[in-house]
Every structure is written in structure tokens, then in C-alpha cells.
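Scroll down for the structure; my scribbles are underneath it.
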There are 2 protein chains.
Amino acid sequence: MSTAELKEAREIFIECLKSRGLRYTTQREAILETFLSSVKHLTVEDLYNIVRQRHVDIGYATVHRNMKFLVECSIADEIKIGNDKARFEKHFGQDHHDHLICLKCGVFIEVHDSTIEMLQNKLAADNEFIPQRHKLEIYGICRQCR
Amino acid sequence: MSTAELKEAREIFIECLKSRGLRYTTQREAILETFLSSVKHLTVEDLYNIVRQRHVDIGYATVHRNMKFLVECSIADEIKIGNDKARFEKHFGQDHHDHLICLKCGVFIEVHDSTIEMLQNKLAADNEFIPQRHKLEIYGICRQCR
DNA sequence: ATAATAATGATAAGCATTATCATAACTTTA
DNA sequence: TAAAGTTATGATAATGCTTATCATTATTAT
């Protein structure tokens with residue numbers, strides 16, 4: 001994530017906090033920046049361990065709480081696979097939540113197909129259903145693991 | 001589920017058990033039949049409570065264990081939404097795993113679209129990914145809850 | 001019948017998530 | 001600036017679902 005994007009995300013976060021009368025603390029800043037600079041899909045524990053490098057005394061609960069909050073602010077999305085720990089990824093905007101998930105190495109590949117999106121909406125409409133969000137996960141074997 | 005289908009599922013189950021040197025017990029029969037005659041997507045707890053009506057002394061662990069086993073035998077599919085309890089539905093065969101899920105009443109509507117399936121496979125192929133199974137969930141508001 | 005194997009049922013353990021709460025930090029008000 | 005009010009934090013307990021353990025029971029094979 002570029003410096004500009006990071007700055008924008010921070011502003012969205014601060015705005016989201018402000019609108020609820022909440023504060024932009026050093027912990028929140030550290031969590032946000034750690035999250036934004038991460039490449040992979042990290043768990044709360046992963047993030048906790050990284051944030052502690054710069055903010056020694058931060059608590060697990062604080063990281064957990066604020067990751068949930070980043071989701072509410074539409075900065076992060078939470079991914080849950082089975083009973084595994086939740087993982088977090090950057091939010092891409094409406095309807096960009098598709099993943100190819102490798103059953104061997106566990107890698108998440110992000111993908112998008114607007115025709116599928118369109119058909120999903122049609123599928124919902126055919127059932128008189130008002131779609132709000134969706135989740136598409138394709139499990140299989142990635143190129144590296146073949 | 002018709003009597004014929006029930007009979008077929010039972011035979012698949014028995015076959016699957018046999019191939020592993022396992023037994024078709026009265027508990028397994030009760031669990032299978034309860035599961036097959038259920039209309040909704042039930043949790044282990046739901047199934048446990050229903051099975052107990054006919055098999056008073058059955059244990060929760062037995063129901064849990066055997067529902068997992070039905071999944072392995074491809075008779076049932078497990079559905080996990082967030083941190084909710086797992087729910088089970090009848091297995092429909094390859095690639096029929098799509099759901100419209102109402103955010104108000106929680107109802108699961110089963111849907112299928114072969115064009116989407118096809119596009120999913122294309123999406124995987126474009127990423128040199130070998131798909132094995134997938135999960136598509138569309139969250140929104142159902143007709144009744146509108 | 002006896003030995004061997006598997007299944008069951010009760011319960012404990014495991015684990016991720018969430019709630020609680022005393023203390024600390026920050027903001028607002030006077 | 002001091003006091004009062006509000007929110008955040010961090011440690012830990014509680015919760016809840018899933019899974020493991022194990023003694024006992026049931027079934028199968030010898």
C-alpha cells in the first residue's frame with residue numbers, strides 16, 4: 001500500500017472514529033499501520049506480535065477490538081474459514097470479496113469477475129432477494145503447489 | 001426426501017462404513033434418518049435433541065462424530081457462517097453449494113447457476129488454479145423479511 | 001466362548017472470541 | 001490549570017463451540 005493510500009485510510013479511520021466520538025490513540029495508529037503495511041492475510045495474533053515490536057505493552061484485546069473496529073469502518077474485511085482464526089485483509093470496496101484458497105499451502109489469491117457479480121445479482125433477484133454482500137471462495141490447488 | 005432417496009443414502013452410508021471396517025449401529029441409523037428427514041439446516045444440537053426422542057440415551061458426542069462422518073461420506077455438507085454453530089444440509093453433488101442467506105431471519109435459500117459455475121472455473125483457470133470445491137454465499141434480505 | 005475390535009457416552013480439554021473491570025489517558029468544563 | 005467526565009487500554013475471566021480422551025459396552029471374528 002502506497003504512502004498516499006495509507007494516508008487516505010488513516011483519514012477515513014480518524015473520520016470514522018470522530019463520528020462516534022472516539023479517539024485516535026497511539027495504539028490505534030500502530031494497529032492501523034501494521035495492518036495496512038502487511039502483505040498477507042494476518043490473524044489478530046499475527047498483528048499483535050508485529051505491533052508489539054513497536055508498541056511493547058499493547059494488549060491482545062486491544063488489537064482484537066480495533067481490528068473489529070477497522071471492519072466496521074470498512075477499512076478491513078474479516079475472513080473466516082471453518083474454525084480457523086479470523087484473518088484480515090484490506091477492504092476493496094463493494095463486492096470484491098472473492099478468493100481462490102489453496103488447500104495445500106493456504107495462500108489466498110484475490111480475484112474479481114464482474115460477470116459473476118452480475119449473475120449473482122440476477123440470481124438474487126430471481127429469488128426476490130435483496131443482496132447486500134457476498135462471499136465467494138474457491139478451494140483448490142494453486143500453481144506453486146501443483 | 002423420498003423413501004427411495006433415503007434408502008439410497010442409507011446404502012451409500014453403509015458402503016462407506018464398510019469400506020473402512022466400521023459398523024452400522026442403531027445410533028448411526030437414527031442420526032442418518034433424522035438428518036435425512038429434516039427440512040431445515042440443523043445444528044448438531046438440533047439433531048441431538050431430535051434423535052433423543054427416539055434414542056433416549058444417545059450422547060452429544062456421538063451425534064457430532066457421526067455428522068462429521070456423514071460429511072466425509074458426502075451425504076451431508078457442513079455450513080459455517082462466522083462463529084455460529086455448524087449446520088448441516090444434504091449433499092447435492094458436485095458444485096451445488098450456493099446460498100442466499102437472509103440477514104434478518106437467517107433463512108438459507110439454496111440456489112444454483114451453471115453459468116456462474118462455469119465462470120468460476122474460468123476464473124480459476126486464468127489464475128492457473130485447480131478448483132476442487134467452492135462456496136458462494138449471498139447475504140441480504142429475503143422476500144418475507146422485506 | 002474368548003479374544004479382538006469398534007462404538008458409545010460422559011466429560012474434560014482446547015481454542016478462538018468476547019466480556020469484564022480496574023486503571024490509565026485524554027477531553028472538556030469551569 | 002484543576003476537576004470532572006469520558007473513553008481506551010490491558011489483563012484476565014467467561015463463553016461457547018468443537019474436539020479429544022477414556023472407561024464401558026456392543027459387535028464381530030476366531
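Lettering of chains follows the sequences in order, A, B, ..., and the numbering in each one begins at 1. Since we're looking at a predicted model, the values are computed, not measured.
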Open item on the list: Check for me, please, whether A:F88 and B:I81 land in the same ILVMFWY cluster - side-chain distances under 4.5 Å, paths through other members count.
Closed with: no
TODO: Show your working on side chain to side chain contact (heavy atoms under 4.5 Å, CB included) between A:V44 and A:Y60 and close with a plain yes or no.
DONE: CA-CA 8 Å; A:V44 171; A:Y60 187 92; 3.6 Å; yes
Task: ring pair (Phe, Tyr, Trp, His ring centres under 6.0 Å) against A:H64, all qualifying residues, sequence neighbours excluded - done: none
Short N/O separations, protein against nucleotides 3-7 of chain D, under 3.5 angstrom:
| residue | atom | partner | partner atom | Å |
| --- | --- | --- | --- | --- |
| D:dT6 | O2 | A:R23 | NH2 | 2.9 |
| D:dT7 | O4' | A:R23 | NH1 | 3.4 |
| D:dT7 | O4' | A:R23 | NH2 | 3.2 |
| D:dT7 | O2 | A:R23 | NH1 | 3.3 |

Task: Ion pair B:E78/B:K68, N-O distance below 4.0 Å - done: yes
- [ ] Name all residues meeting the salt bridge (charged side-chain N to carboxylate O under 4.0 Å, His left out) criterion together with A:E110; count only those two or more places apart in sequence or in a different chain, and write none if there are none.
- [x] none
N/O contacts under 3.5 Å, protein versus nucleotides 13-20 of chain C?
| residue | atom | partner | partner atom | Å |
| --- | --- | --- | --- | --- |
| C:dT17 | OP1 | A:A86 | N | 2.8 |
| C:dT17 | O3' | B:N83 | ND2 | 3.3 |
| C:dT18 | OP2 | A:H64 | NE2 | 3.1 |
| C:dT18 | OP2 | A:K68 | NZ | 3.1 |

- [ ] Tell me who clusters with A:M118, hydrophobic residues only, linked when side chains sit under 4.5 Å apart either directly or through other members.
- [x] none
Open item on the list: Quick one, B:H99 and B:V111 - any side-chain contact, counting heavy atoms below 4.5 Å?
Closed with: no
Open item on the list: Output the rounded distance in Å from NZ (B:K18) to P (C:dT5).
Closed with: 20 Å
TODO: Could you check how far CG of B:L47 sits from C1' of D:dC17, rounded to whole Å?
DONE: 15 Å
Open item on the list: Distance check needed: D:dA8 C1' versus A:F13 CZ, whole Å only.
Closed with: 12 Å
TODO: Determine: side-chain N/O of B:T25 to OP1/OP2 of C:dT8, distance under 4.0 Å, yes or no.
DONE: yes
Open item on the list: With a 4.0 Å limit, can you tell me whether A:Q27 has a side-chain N or O closer than that to the phosphate oxygens OP1/OP2 of D:dG10?
Closed with: yes
Open item on the list: Can you list everything that forms a salt bridge (charged side-chain N to carboxylate O under 4.0 Å, His left out) with A:D46? Sequence neighbours excluded, please.
Closed with: A:R87
Task: Qualifying salt bridge (charged side-chain N to carboxylate O under 4.0 Å, His left out) pairs, either residue in residues 119-129 of chain B, two or more places apart - done: A:R143-B:E128, B:K122-B:D126
Open item on the list: Test: salt bridge (charged side-chain N to carboxylate O under 4.0 Å, His left out). Region: residues 14-28 of chain A. Which pairs qualify, not counting sequence neighbours?
Closed with: A:R20-A:E72
Open item on the list: Measure CD/B:E29 against P/C:dT8 and give the value in whole Å, please.
Closed with: 12 Å
- [ ] Applying salt bridge (charged side-chain N to carboxylate O under 4.0 Å, His left out), name anything that partners A:K104, two or more places apart in sequence or on another chain.
- [x] none
- [ ] Return the angle between end axes of the helix from C:dA1-D:dT30 to C:dA30-D:dT1, with five pairs used per end and rounding to 10°.
- [x] 10°
Task: C:dA7 OP1/OP2 closer than 4.0 Å to side-chain N/O of B:N66 - done: no
Open item on the list: With the threshold set at under 4.0 Å for non-hydrogen atoms, list the residues of residues 50-58 of chain A touching DNA chain D in residue-number order.
Closed with: A:D57, A:I58
TODO: With the side chain counted from C-beta on, respond yes when B:H112 and B:E117 share a heavy-atom pair under 4.5 Å apart, and no when they do not.
DONE: yes
Open item on the list: Tell me every residue that passes salt bridge (charged side-chain N to carboxylate O under 4.0 Å, His left out) with A:E33, counting only those two or more places apart in sequence or in another chain.
Closed with: A:R10, A:R54
